A.B. asks: 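Following this message is one structure expressed as structure tokens.
This structure is a prediction, so every number in the text was calculated from the model and none was measured. In this chain, numbering begins with 1 at the start of the sequence shown. Hydrogens, waters and symmetry mates are skipped; everything else that's a heavy atom, side chains included, is used.
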Amino acid sequence: MQKLKIYALSIILWVCVLPSSIAQKTPFTIDDAIKVKSMGSQNLSDDGKYLAGMISDGSSRFGTDHFRFQDPSYINVNAGEFVIINTEDGSQIKPYTSNAKVTSMSWAPNNKEIAFLEEKDEKLHLMVYDVDRKRLREVKIAGNPLLANSSLTWTPDSKSLILHTREDGWMAKAMALYNEATKGPIVVYDGSKPFLKWDEIRNTNSLTVVHKVDIASGSAVKLLEESNYGGINVSEDGQFMIFSETFPLKTAYVRNEGTEYQTAYLELNKQDFAKIIYERNKQRRNFNWSDSKSKYAWVDSGYVYIQTLGMEDAKNLTKGKVYSDEEKKKEVKFSVMTWSPQEGKLLLSSDKGYWLVDTEGENLEMVYELPEDKDKAPSLNMINWSQDERYLYFSYSAKDKWERGFTRYDLQTKQMENLLLDSNLYSGVQFSKDGSSVVLSFSDGDMPSNVMATDISFANMKALTDLNPWMNNKKLTRSELISYRNSDGKELQGILYYPVDYEPGKKYPLVCEIYEGFFSNGYNRNMNLFTNQGYFALRPSVDLEMGYPGEAWVKGITSAINKLVDEGKVDNDKVGVQGGSYGGYATSLLITQTDRFAAAINISGKVNIISFLGDSPKIGTRNYTAAEYGQDRIGGSLWDEPMKYLATTAIMYADRIKTPHMIMTGEGDWNVPGTNSRELYYAMRRLGKDVIWVNYLNGGHGAGAASDEADFHDHWNRVFAFYDKHFNKEDKETEAVATASSN
């Protein structure tokens, strides 16, 4: 922590001593937004020595063929720089001399080899890289099966990989279904069949065969016949392979219906049938496995059970152990957090606190009591249990300020100790198997993240990457957490981003980017682009209520704007609002309720929640479930709550819109088809309103920002021009009158 403070102080001194260098900084541009790099798919070896990942920038997403979503023959792996970083000295190994399309990375238990899938020639290839020999090779699998894009699982001896392949004839069957739905020439949707057509396509695309492949010879053994598999693990002794299986029965419109689930295991050294752990059932059961994968725990009716793999008898660890009073027993419902490193204890949680129980079920003790006011208490997320089983390590985040970091809880003294708490952002924490070394992503809250290495104390961090050094010479925004009350009096937070050349006392235009709730900051492309236009940018939170979602934005967002106007920061006549997807929907609905905004932009957001129910066939029943009890929060079906659907459909109130509105869509958007957004354009045009619709024929969900490079530039230039036109409309009209008068 001390080193981070010294680092921050040096930056402050540098800024104070060299003001002329600040003046030399250049604006952050659309081109710059594309150039920003990040490291994804991070994968740490068990010994903590090597970190593999993909370094890419915004260009990696250009060229996606959005029209081929759910196409069985389309493999869309983004290209990037595949790197392996030595966490001890920071040196880098680059198996490829140029960008590659790499996915599904998995370190061998020997910590010397990493396996992954590479997309080449529209197929996936199994690759293995040896870090000691600096050798990259393809494993040619006997029979040349078609590989599926899924996880790779090593056997404990580091000699074999368990992977998913396709059954012979799968591609022909899958493409026949896909082509029927997309090319016809006749497409029949039959309501008497158990599945929607696109659910049938999705189910077929999920079918795989499981093989065990020897990485030296490429010889393959089929372990499981074709089905829908997931959750594959191998026990530490190499004896068992555990897997889950999903059985779709029908298209369902209610959660937890229409599917059955099963969990089983195979004895890898025997030619035998799978043995069932959990028989096919409509209720999904989540098992928590010990590190050795020899024991597992689960919850049923609030009680915790454990069992040893291969044994018949399950043990209830919690029944009758908390309270003797029957009514009080019902108050405590447990969930399993994790097994102890030595596998003799489990850590449980309830709404009361954290509990420790031994695997005999003899000692159940609450070891940490949660605060009564959980809404205000810091968020704790367990990330590790020390090998000596004394300390529990947690990531920490306050809920009323930017105070984040790590704490540990001493199970002996029952005391919580702060290890590192400050305003920086920490994410993606990974531990070595013995828990002694850590890698994580670090950001000061405004700059893009870099990868750091540290020890279990979190006191001595060293940078493993410096992905965007050029950004030190760019004008970038700074963020601030603000609090305000909505019209119901509830306190909310928002993130305010300052204009890059901010002058205190001066009023600036403001662009609000809306969605649901915002709290954590971090590098944000959109906010930097807006603040480089000389605007404040704001991501305000709203309090969405089931059954009445349409009211939340006008109640919360206008209050946040009022606060900034009252503080003298924002010009009340130059406020814009926009959002993407659900935020785009919110934007169009918001301007039917208020004329507060000078301009509004809906990016890939629906405007008619009724027609939207059937507007996205490729995602099945999502739009129905989202409206009824999901994100849209209507609280019932169209036929149960017809007036609420009308109340949250923007086109029904298009006659009330006084705000100039731009609607941006992507022709290939399978999530929110542009045909839905188009409805508001036609409605507003019919009513003589100020509206423009921009449809990117190569774009997807995100309009021009989810298309190719030319469209990305066009998208942002149109956004800037739209706000500039309407923020400065009166100034330009006055200037035009003055020019005409002088002539």
Side-chain angles (χ1 to χ4, degrees), residues 375-376 379 397 399-402 479-497 510-522 524 526-527 530 535-567 569-570 572 575-607 609 612 626-635 641 644-645 647-650 652-653 656-657 659 661 672 680:
D375 290 336
K376 293 185 178 180
S379 296
S397 178
K399 293 180 180 175
D400 59 349
K401 57 184 175 180
W402 286 336
S479 56
E480 175 185 317
L481 184 67
I482 65 169
S483 296
Y484 54 95
R485 293 188 182 277
N486 67 8
S487 59
D488 291 331
K490 182 171 182 176
E491 186 173 4
L492 301 171
Q493 281 84 33
I495 310 172
L496 181 66
Y497 299 84
L510 168 70
V511 173
C512 299
E513 184 176 77
I514 63 176
Y515 196 77
E516 292 190 22
F518 294 106
F519 183 82
S520 293
N521 56 346
N524 187 286
N526 295 8
M527 301 298 99
F530 284 131
Y535 305 157
F536 268 107
L538 175 67
R539 307 184 91 192
S541 296
V542 294
D543 182 29
L544 288 155
E545 181 181 354
M546 182 64 74
Y548 304 94
E551 301 174 3
W553 293 287
V554 73
K555 283 182 177 181
I557 294 165
T558 52
S559 299
I561 297 168
N562 290 343
K563 176 184 175 72
L564 300 176
V565 171
D566 291 344
E567 290 176 350
K569 291 185 173 76
V570 167
N572 190 56
V575 179
V577 62
Q578 71 172 58
S581 192
Y582 190 61
Y585 158 67
T587 298
S588 292
L589 195 60
L590 176 62
I591 61 174
T592 68
Q593 302 171 69
T594 177
D595 60 358
R596 180 68 181 274
F597 300 97
I601 304 175
N602 175 343
I603 302 168
S604 297
K606 60 182 175 285
V607 300
I609 201 167
F612 188 60
E628 292 174 13
Y629 46 78
Q631 186 178 43
D632 294 326
R633 298 174 175 87
I634 301 298
E641 303 284 356
K644 288 183 178 179
Y645 280 77
T648 52
T649 291
M652 297 300 298
Y653 310 99
R656 302 179 185 178
I657 296 176
T659 307
H661 198 20
V672 183
L680 186 57

A.B. asks: Look at atom CZ of Phe518 and say whether more than 12 heavy atoms of other residues, nucleotides or ligands are closer to it than 6.0 Å.
C.D. replies: yes

A.B. asks: Where do Asn602 and Ser588 come nearest, in terms of heavy atoms and distance?
C.D. replies: ND2-OG, 2.9 Å

A.B. asks: Give a yes or no on whether a salt bridge exists between Lys555 and Asp543, defined as a side-chain N under 4.0 angstrom from a carboxylate O.
C.D. replies: no

A.B. asks: Report yes if the side chains of Asn521 and Leu481 come closer than 4.5 Å at any heavy-atom pair, otherwise no.
C.D. replies: no

A.B. asks: Is any side-chain heavy atom of Leu589 closer than 4.5 Å to a side-chain heavy atom of Trp553?
C.D. replies: yes

A.B. asks: Do Tyr585 and Ile609 have side-chain heavy atoms sitting under 4.5 Å apart?
C.D. replies: yes

A.B. asks: With a 3.5 Å distance limit and no angle check, can you tell me whether Gln593 reaches the backbone of Gly550 through a side-chain donor-acceptor pair?
C.D. replies: yes

A.B. asks: Nearest 0.5 angstrom please: Tyr548 OH to Lys644 NZ, how far?
C.D. replies: 4.0 Å

A.B. asks: State, to 0.1 Å, how close Gly605 and Val672 come at their nearest heavy-atom pair, and which atoms those are.
C.D. replies: C-CG1, 3.9 Å

A.B. asks: Compare all side-chain heavy atoms of Thr659 with those of Val577 and state whether any distance is below 4.5 angstrom.
C.D. replies: no

A.B. asks: Would you name the heavy atoms of Ala560 and Pro540 that are closest together and state the gap between them?
C.D. replies: CB-CB, 4.2 Å

A.B. asks: For the side chain of Thr587 and the backbone of Gly579, is there at least one donor-acceptor N/O pair under 3.5 Å apart?
C.D. replies: yes

A.B. asks: Is the shortest side-chain N to carboxylate O distance from Glu545 to Lys490 below 4.0 Å?
C.D. replies: no

A.B. asks: With the side chain counted from C-beta on, respond yes when Phe597 and Ile561 share a heavy-atom pair under 4.5 Å apart, and no when they do not.
C.D. replies: yes

A.B. asks: Hey, does Thr648 have a side-chain heavy atom less than 4.5 Å from the side chain of Asp632?
C.D. replies: no

A.B. asks: Check Ser479 against Ile495 and note the closest heavy-atom contact, atom names and distance.
C.D. replies: CB-CG2, 4.0 Å

A.B. asks: Do Arg539 and Asn524 come close enough that some side-chain heavy atom pair is under 4.5 Å?
C.D. replies: yes

A.B. asks: Might you point out which heavy atoms bring Ser483 and Gln493 nearest each other, and give the distance in Å?
C.D. replies: OG-NE2, 3.7 Å

A.B. asks: Counting N and O atoms only, with roles assigned by atom type, does the side chain of Ser604 sit under 3.5 Å from a partner on the main chain of Gly580, one being a donor and the other an acceptor?
C.D. replies: no

A.B. asks: Which heavy atom in Gln631 sits nearest to a heavy atom in Glu516, and how many Å separate them?
C.D. replies: NE2-OE2, 2.9 Å

A.B. asks: Using a 4.5 Å cut-off on heavy atoms from C-beta on, say whether the side chain of Lys399 contacts that of Ser379.
C.D. replies: yes

A.B. asks: Where the side chain of Trp402 meets the backbone of Phe519, is there a donor-acceptor pair that is under 3.5 Å apart?
C.D. replies: yes

